[in-house]
Protein chains: 2
Amino acid sequence: MPDDTTRIQKNRRAQILEAGLDVFSAEGFNGATLDGIARAAGLSKPNLLYYFPSKEAVYVALLNGLLDTWLDPLRALDPAGDPVEEVLGYVRRKLHLARDYPRESRLFAGEILRGAPQLQPELSGTLRRLVDTHARQIGDWMAAGRLATSDPHHLIFSIWALTQHYADFEVQVRAVLGAERDPWAEAEREVQAHFARVLTPTG
Amino acid sequence: MPDDTTRIQKNRRAQILEAGLDVFSAEGFNGATLDGIARAAGLSKPNLLYYFPSKEAVYVALLNGLLDTWLDPLRALDPAGDPVEEVLGYVRRKLHLARDYPRESRLFAGEILRGAPQLQPELSGTLRRLVDTHARQIGDWMAAGRLATSDPHHLIFSIWALTQHYADFEVQVRAVLGAERDPWAEAEREVQAHFARVLTPTG
DNA sequence: TGAGATTTTGACCATCCGGTAAAGCGACGT
DNA sequence: ACGTCGCTTTACCGGATGGTCAAAATCTCA
């Protein structure tokens with residue numbers, strides 16, 4: 001009783017999702033067209049619709065598949081580790097995620113920016129619970145004097161905001177820095193230093 | 001020789017821009033429809049097109065009108081003031097701008113997210129020059145030991161990222177914090193404290 | 001090889017959308 | 001009273017787009 005999806009089905013679905021990620025992240029849900037996605041996937045439009053029932057289905061499949069990956073770095077926080085190191089590690093992983101998967105980051109950003117029509121349940125469900133859990137962890141570290149004190153939720157927001165900024169607003173960052181500079185290399189240094197300052201408790 | 005635009009033209013154009021801001025910021029350029037904008041403005045679609053030649057014209061009119069307002073807080077940096085106070089003041093003004101004009105913030109974010117098809121010249125022109133100027137000012141303050149040292153450009157990015165996050169990703173912020181909490185009130189406190197920590201030079 | 005299931009295609013459809021054309025309407029000056 | 005000018009509306013068009021369908025091509029496996 002192994003799954004009844006053939007090898008070719010797996011491949012085609014993967015192709016379509018890859019193409020959908022490309023197109024949706026660049027044009028947004030409304031800007032993307034089935035023809036465009038199909039072309040990017042090397043298929044005809046009806047062929048694409050043989051594997052997914054609708055444009056929206058491709059979109060939500062992408063979003064759902066994304067959320068877990070996106071939240072993994074947060075889950076990796078180790079209560080037994082050194083607090084500053086742990087949170088800085090989270091910052092680093094999140095920044096690398098934005099650097100290595102900018103299309104995913106932009107897809108996400110577009111969905112949230114439009115009011116999260118598809119993702120809202122996940123936001124106030126899975127996401128909220130996960131954040132609450134780790135915010136509590138961070139709060140404990142602060143209470144123990146092992147992290148500079150602030151509101152843990154807003155600290156997490158600041159990490160999201162800063163790391164994703166480099167992916168979501170990449171054109172702006174590049175325009176402002178100029179073509180000679182390397183945004184991601186600098187971001188690595190600067191973001192790390194920024195949060196080292198924010199997190200390290202004052203003697 | 002006074003301008004030949006009548007009073008009613010001024011009013012209608014303003015109505016249309018207001019409606020366009022509403023619709024474009026909520027649905028994005030592709031998601032927005034002329035009918036939708038016209039309805040929001042209390043006009044018929046052909047009537048709207050009597051005042052603007054195309055959908056894109058409404059959109060770019062909005063963007064152009066916006067950029068100046070958006071950059072005003074940066075221009076207000078006073079070289080003669082106290083560095084920490086000045087930059088914290090910039091943070092506060094930028095946060096208030098995001099709080100009071102979330103539609104503008106989201107319109108902007110959407111444009112950048114899609115690669116700034118309309119705004120790119122402004123980004124590498126006006127914006128870059130303005131940022132360079134003030135980055136140099138901030139750099140001087142740092143060199144004088146009156147601000148904690150970092151890369152001024154990335155410091156500015158971090159201010160943009162953090163303040164706009166509360167407007168652009170408002171649904172996510174609200175979902176994570178829960179309905180009882182007041183994101184903007186907390187943001188005011190937390191963002192201020194965050195940057196106080198980042199900016200204040202160590203003894 | 002051949003039957004049956006799976007995959008692919010081309011032709012087609014209904015709807016929506018940006019934009020146009022032309023006629024109607026109201027105020028105002030002569 | 002009438003013509004003109006500025007504003008508004010009704011009717012319409014062409015193209016794009018999401019999606020359907022039935023037939024054709026291809027693959028699988030006995």
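Every value quoted in this text rests on a predicted model; they were computed, and no experiment measured them.
Within a heavy-atom distance below 4.0 Å of DNA chain C, no residue of residues 24-33 of chain A is found. The stretch residues 54-65 of chain B has no heavy atom under 4.0 angstrom from DNA chain D at all. Contacts of residues 36-46 of chain B with DNA chain D (heavy atom under 4.0 Å): B:Ser44, B:Pro46.
For CZ of B:Arg103, the number of neighbouring non-hydrogen atoms (other residues, nucleotides, ligands) closer than 6.0 Å is greater than 12.
Residue pairs meeting the ring-ring contact (aromatic ring centres under 6.0 Å, His included) criterion with at least one partner in residues 121-141 of chain A, sequence neighbours excluded, are absent. Each side-chain hydrogen bond (donor to acceptor under 3.5 Å, both in side chains) pair with one or both residues in residues 83-93 of chain B, not counting sequence neighbours, appears once here: B:Tyr90-B:Trp160. Sorted by first and then second residue, the ring-ring contact (aromatic ring centres under 6.0 Å, His included) pairs with a member in residues 40-61 of chain A read A:Phe24-A:Tyr59, A:Phe29-A:Tyr59; sequence neighbours excluded.
Aromatic pair A:His154/B:Tyr166: ring centres closer than 6.0 Å.
The side-chain contact (heavy atoms from CB on, under 4.5 Å) search around A:Arg189 returns A:Glu186, not counting sequence neighbours. In this structure A:Asp35 satisfies the salt bridge (charged side-chain N to carboxylate O under 4.0 Å, His left out) test together with A:Lys45, sequence neighbours excluded. Judged as a side-chain contact (heavy atoms from CB on, under 4.5 Å), and not counting sequence neighbours, the contacts of A:Ser124 are B:Ala175. Residues passing the salt bridge (charged side-chain N to carboxylate O under 4.0 Å, His left out) test with B:Arg129, sequence neighbours excluded: none. Among residues two or more places apart in sequence or in another chain, the side-chain contact (heavy atoms from CB on, under 4.5 Å) test is passed with B:Thr200 by B:Val84. Taking A:Arg12 as the reference, nothing meets the salt bridge (charged side-chain N to carboxylate O under 4.0 Å, His left out) condition, with sequence neighbours excluded.
Residue A:Arg13 contributes atom CZ, which lies 13 Å from atom C1' of C:dT6 at whole-angstrom precision. As a whole-Å value, the separation of B:Asn11 CG from D:dC7 C1' is 13 Å. Straight-line distance from the CG atom of A:Asn47 to the P atom of D:dG18: 16 Å, rounded to whole Å. Here the C1' atom of nucleotide D:dT8 and the CG atom of B:Leu49 are 13 Å apart, to the nearest Å. Atom CZ of A:Arg12 and atom P of D:dT26 are 13 Å apart (whole Å). Between B:Phe52 atom CZ and C:dT20 atom P there is a gap of 16 Å when expressed in whole angstrom units. Atom NZ in B:Lys10 sits roughly 15 Å away from atom C1' in D:dG6 (whole-Å rounding). What separates CG of B:Asp35 from P of C:dC16 is a distance of 11 Å, to the nearest Å.
Close to C:dT6, at under 4.0 Å from its OP1 or OP2, lies no side-chain N or O of A:Gln9. Between B:Tyr50 and D:dC7, a side-chain N or O to OP1/OP2 separation shorter than 4.0 Å is present.
The nucleotide whose nearest atom lies closest to any side-chain atom of B:Leu34 is, among C:dT8, D:dC7, C:dG18, C:dG18.
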